[in-house]
Structure formats: C-alpha cells, structure tokens
A.B. asks: 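For reference, the structure I am asking about is given below.
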Protein chains: 2
Amino acid sequence: MVDFRYAQLCPVARACELLASRWTLLIVRDLFAGPLRFSDLQRALPGISTSVLAERLAHLEQRGVVERRELPPPAASSVYALTETGRALRPALIELVRWGARFMGASRPDDHLEPRWVPMGLEAMARRGPSPARSVEVRVRTGHEPLVLRVLGGPTGTRVCHEPGPADAVLEAEPRALLALAAGLLTADQAVAAGQALIQGDPAALGDFSGLFEMNLQPSDPTP
Amino acid sequence: MVDFRYAQLCPVARACELLASRWTLLIVRDLFAGPLRFSDLQRALPGISTSVLAERLAHLEQRGVVERRELPPPAASSVYALTETGRALRPALIELVRWGARFMGASRPDDHLEPRWVPMGLEAMARRGPSPARSVEVRVRTGHEPLVLRVLGGPTGTRVCHEPGPADAVLEAEPRALLALAAGLLTADQAVAAGQALIQGDPAALGDFSGLFEMNLQPSDPTP
DNA sequence: CTGCATCCGCTTCGATACTG
DNA sequence: CAGTATCGAAGCGGATGCAG
C-alpha cells in the first residue's frame, strides 16, 4: 500500500489515499480522545498486527496527520497525537458516526467497546433540532476514573461539553448502556435495574435523556 | 475482503467495514451525481479491475447502500444507483471533500477529472460564513451538454443549487479551471485568457467568484 | 457491446516469533 | 514497551474468455 495513488483529481480520492485502508481511520478515531502509546492503540484495536499498526502510524506521520511526541524522562516512552490536519477530520468523522450508527442495531455482543469512543458517539448522535432543555452530567465507567461530560439540551439542539458545570441530573453508566440509552433502546430505570447505571438528581431530566439524541437505526440486516 | 469485520462496537468501525476498502468510497462518490452503468463506472475509475468493481458493487448492493435497476427494454442494460442509505452518506462525503481539498495543491496534472465531481466539490467548498451577495450560473464543460448549476452567495453562506434561475453572471469553464477558480488559484480573466472559460454578465460578480468559496490548501507536501 | 468470471503474478494482511 | 522479521493466506491489477 506503500504510496498508492488514485489517478484522480478529486478531494475524496486524495482523502482515500490517506485513510481508506484497513484500520487507518480507526487509529485516527482513537487518537481523537487524546494521545496514545503504541501498545494502547494495539489494545484498543483487537486483531491489528504490530506490523500493520507500525506501518499505518508511519504513513500518517509522514503525511502530516499524526505526530510522534517523546514524553519527558520519567515516562521513557513516546505517544502518537493528531496534528492540526488530523484534528481537522473531526467534522468528517462525526458525520461518519452519524451514518454508521444505523448499523449498530445488529449488535455483536462480543465486540470491543472503548470508553473513549463514547463522547464522540454522543456528540455525533446529539439532536440537531430543538431538544429538551435539560442538562445531564454523564459519567462513563472505564474501570478506573470515569470520563465526565455534560449533555446540554436546548432550542438550537443538543451540545456535548467536556468542562464540568451544573447539571439537573447525573448518570453514571457502562459504555454499552450509555449508547443504548442514547439510542432509546433502554430507559434509565432499566439500566439501573440491570446494574449498568447509577442515577442522581431530577428523574424527569433522565426520562428525557434519549430525547436529547437522534438515532436512525437500520430496520434490520437486508440480507443475512 | 469478503465479509471482514472489526471486532468493535463503534459506528466508525461499522462504516469502515462497508466503505474503507480500496475504490469503494469512490464508487459511492460517482453515484452521487446519478445512476451509472458498470462500464461508466469503469471509465470514471481509471485503474480499477473488472473483478474488483463487480465485487464492490455486489457488496454495496448486499449491504443496502447501492441498488441495481433494470432499464426498460430499448436500453438493454442496467444501472447502479444509491439507495436511501447510500444517499445518507452525503454529509460525510461533503466533510471528507472539505478535508481532502487541502491536498489538492500538489496537483498531479495527468490525473483524471470527471465533470460530475465538480458540483459536489463546489458545494463542499462553499463558504459557510457570510459571502458576497452574488449569484453566478456555472456551466461545467463536459464535451457534450454542460452541467448547469447556480452558486448563490448571501449573509448565511454560499449555496449551490441545481435548478435553473436568474443569475448576475454566467461562467462556463473546464472542470479544472472551475476548481482552480473556486480555490482562488486563478481569476476569471486569467481563465478566459487561457481559453478555459467564457464569461457573461456582471464582471464584479465574477470577480467575487472565489470569495464565494473557502479552501484551506496544505502549505506543501510535508515530506516528499 | 455490456457485465461479469477466471486465471496469474504481485502486494498486502494477520499471526507469531524475536530484538533493543 | 515498541517495534522489526518472517511466512502462509488473502486481496489486487491486468489480461483473457465468454454469455447475453
């Protein structure tokens, strides 16, 4: 794949030359939540081989999408981070999440789910039209410290914000449960009953939680 | 590639399973301008092999992104068209065009350019903030009938519209020249002088043409 | 002519083993 | 921890064949 080129004068073709090989866009997605080490990426991408990961990172670095940073002495290691050009992919990635979300219905229960994917998932599925004027602090369970964000509804749409602040209610839940809640496949009460969530604060705000998002699941797999 | 799956519960991974193989997204891009026959696609995708094109189309059809339509008797042929699910990719594709456009600076002059790519390109590069209150009818030269669209500036951004209507000026040009004009790499007068364009109407509107678009070219290839 | 299927030589992928 | 080396398997591009 070394330096494959489509013989096309087209921005989509240029983007595909950089991104449309196996694993590549998933590496970029993982780096959107912050810099990662080689082995962190390997863990987050079950099935990738070391050689392919090394090759993808080298190419993304060469093309200016990713940069390598050496950490200061105590941590004798280096991390990979998105460059400005890489971060500019955010709108495209958000739209791809919105599109790909319709295929999440056919859930494959053994699939891996990184907690760090949840914030971008919620941001992508945030309702763009008027949504309930509620604010919910969402705490994504990670096994260690939860990821904290706030989901804010309003007349101009739902926003997802990473800074702390006041909220009508707090919802702490497993990554899977959060996605199901946002998709409206589950209610907060059901998630609590199943031990996948803890809630505090205004029950009405939590009842409106799925109203803060929009999701268009595919009816079902067309040909199984 | 037959039915490769990432073991990830993530919309980006689901989308990549469908789209992130070589040629696949370019097929979708070409179908956005309307249904095409197998051989039309082959012509628009120089370098693709017949077997890969057939396989990609079969997969896209199976996954519900593309559908095959049999044309009525006189034309004993069939065409491929996007389904509703396929058309839902438009926002993602637009954002990918915006991102990929920054790599168009390193122009490879022998690259193929389909006139049908131009409308989506202009739509993607349309300025999103306030733009000059001008309307320009754009006629993309194709070798046969030109593709006609209108570019409309205004305080809420530039819109690209496919219906005919009044315009301050008319700009008929080669596909390459149109992209260069939108990118601000060329002025209308220069394009005319080079025989790549014809203009009519308000010269001021044409002078503002590149102001209707925004493009952020990469400074240069980071490592050649 | 259109829409593939088949075969061949080359590239890429995934899994494992190994090294600084 | 962060890769490189290696090898069988799968994918790809190009040519050819062939049915409708």
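Below, chain A is the first sequence line, B the second, and so on; all start at residue 1. Reckoned from all heavy atoms, side chains included, excluding hydrogens, waters and symmetry mates.
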A.B. asks: Could you check whether any side-chain heavy atom of B:Met120 comes within less than 4.5 Å of a side-chain heavy atom of B:Phe32, counting everything from C-beta outward?
C.D. replies: yes
A.B. asks: Can you build the contact string for nucleotides 14-20 of chain C? Use B for base contact, S for sugar-phosphate-only contact, and - for no protein heavy atom under 4.0 Å.
C.D. replies: BBB----
A.B. asks: Measure CZ/A:Arg5 against P/C:dT11 and give the value in whole Å, please.
C.D. replies: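 Answer to the nearest Å: 18 Å.
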A.B. asks: What's the NE2-P distance between B:His59 and D:dC12, to the nearest Å?
C.D. replies: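 Distance, rounded to whole Å: 10 Å.
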A.B. asks: Tell me: CG of B:Asp40 to C1' of C:dC4, nearest whole Å?
C.D. replies: 15 Å
A.B. asks: Do B:Gln8 and A:Arg108 have a side chain donor and acceptor closer than 3.5 Å?
C.D. replies: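 Distance-only check fails for B:Gln8 and A:Arg108.
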A.B. asks: Would you tell me if any nitrogen or oxygen in the side chain of B:Arg56 comes within less than 4.0 Å of OP1 or OP2 on D:dC12?
C.D. replies: yes
A.B. asks: Check the side chains of A:Thr24 and A:Arg56 for a donor-acceptor pair under 3.5 angstrom, ignoring hydrogens and angles.
C.D. replies: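 On atom types as modelled, these side chains qualify, holding a pair under 3.5 Å.
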A.B. asks: Are B:Gln196 and B:Arg176 side-chain neighbours, meaning at least one heavy-atom pair lies under 4.5 Å?
C.D. replies: no
A.B. asks: When the distance from CD of B:Gln42 to P of D:dA15 is rounded to whole Å, what number comes out?
C.D. replies: 12 Å
A.B. asks: Which heavy atom of A:Leu181 sits nearest to which heavy atom of A:Ala188, and what is that distance?
C.D. replies: CD2-N, 3.4 Å
A.B. asks: Which of residues 30-38 of chain B have a heavy atom under 4.0 Å from DNA chain C?
C.D. replies: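 When residues 30-38 of chain B is checked for heavy atoms under 4.0 Å from DNA chain C, the hits, listed by number, are B:Arg37, B:Phe38.
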A.B. asks: Should A:Leu26 and A:Trp117 count as side-chain neighbours, where that means a heavy-atom distance under 4.5 Å?
C.D. replies: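 Not touching, per the 4.5 Å side-chain cut-off.
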A.B. asks: Within this structure, what is the CZ-CD distance for the pair B:Arg90 and A:Glu95, rounded to the nearest 0.5 Å?
C.D. replies: 12.0 Å
A.B. asks: Whole Å only: how far is the CG atom of B:Leu53 from the P atom of C:dT2?
C.D. replies: 14 Å
A.B. asks: Paired stems touching DNA chain C, three or more consecutive Watson-Crick or G-U pairs with both distances under 3.5 Å?
C.D. replies: C:1-20 with D:1-20
A.B. asks: Just checking A:Arg43: base, sugar-phosphate only, or nothing, at a heavy-atom cut-off of under 4.0 Å?
C.D. replies: nothing
A.B. asks: Would you kindly give the CG-to-C1' distance between A:Leu41 and D:dC1, to the nearest whole Å?
C.D. replies: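 My rounded result for the distance is 13 Å.
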A.B. asks: Write down the distance between CD (B:Glu55) and P (C:dT6), rounded to a whole number of angstrom.
C.D. replies: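 Whole-Å distance recorded here is 13 Å.
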A.B. asks: Within this structure, what is the CD1-to-P distance between A:Ile27 and C:dC13, rounded to whole angstrom?
C.D. replies: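 Rounded to whole Å, this separation is 11 Å.
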A.B. asks: Whether B:Arg150 and B:Glu163 form a salt bridge (side-chain N of Lys/Arg under 4.0 Å from carboxylate O of Asp/Glu) is what I want to check.
C.D. replies: no
A.B. asks: Side-chain donor-acceptor pair under 3.5 Å between A:Glu114 and A:His112, yes or no?
C.D. replies: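 Distance-only check passes for A:Glu114 and A:His112.
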A.B. asks: Hey, does A:Tyr80 have a side-chain heavy atom less than 4.5 Å from the side chain of A:Pro35?
C.D. replies: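 No, their side chains stay 4.5 Å or more apart.
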A.B. asks: Answer whether the closest heavy-atom distance between the side chains of B:Leu212 and B:Leu122 falls below 4.5 Å.
C.D. replies: no
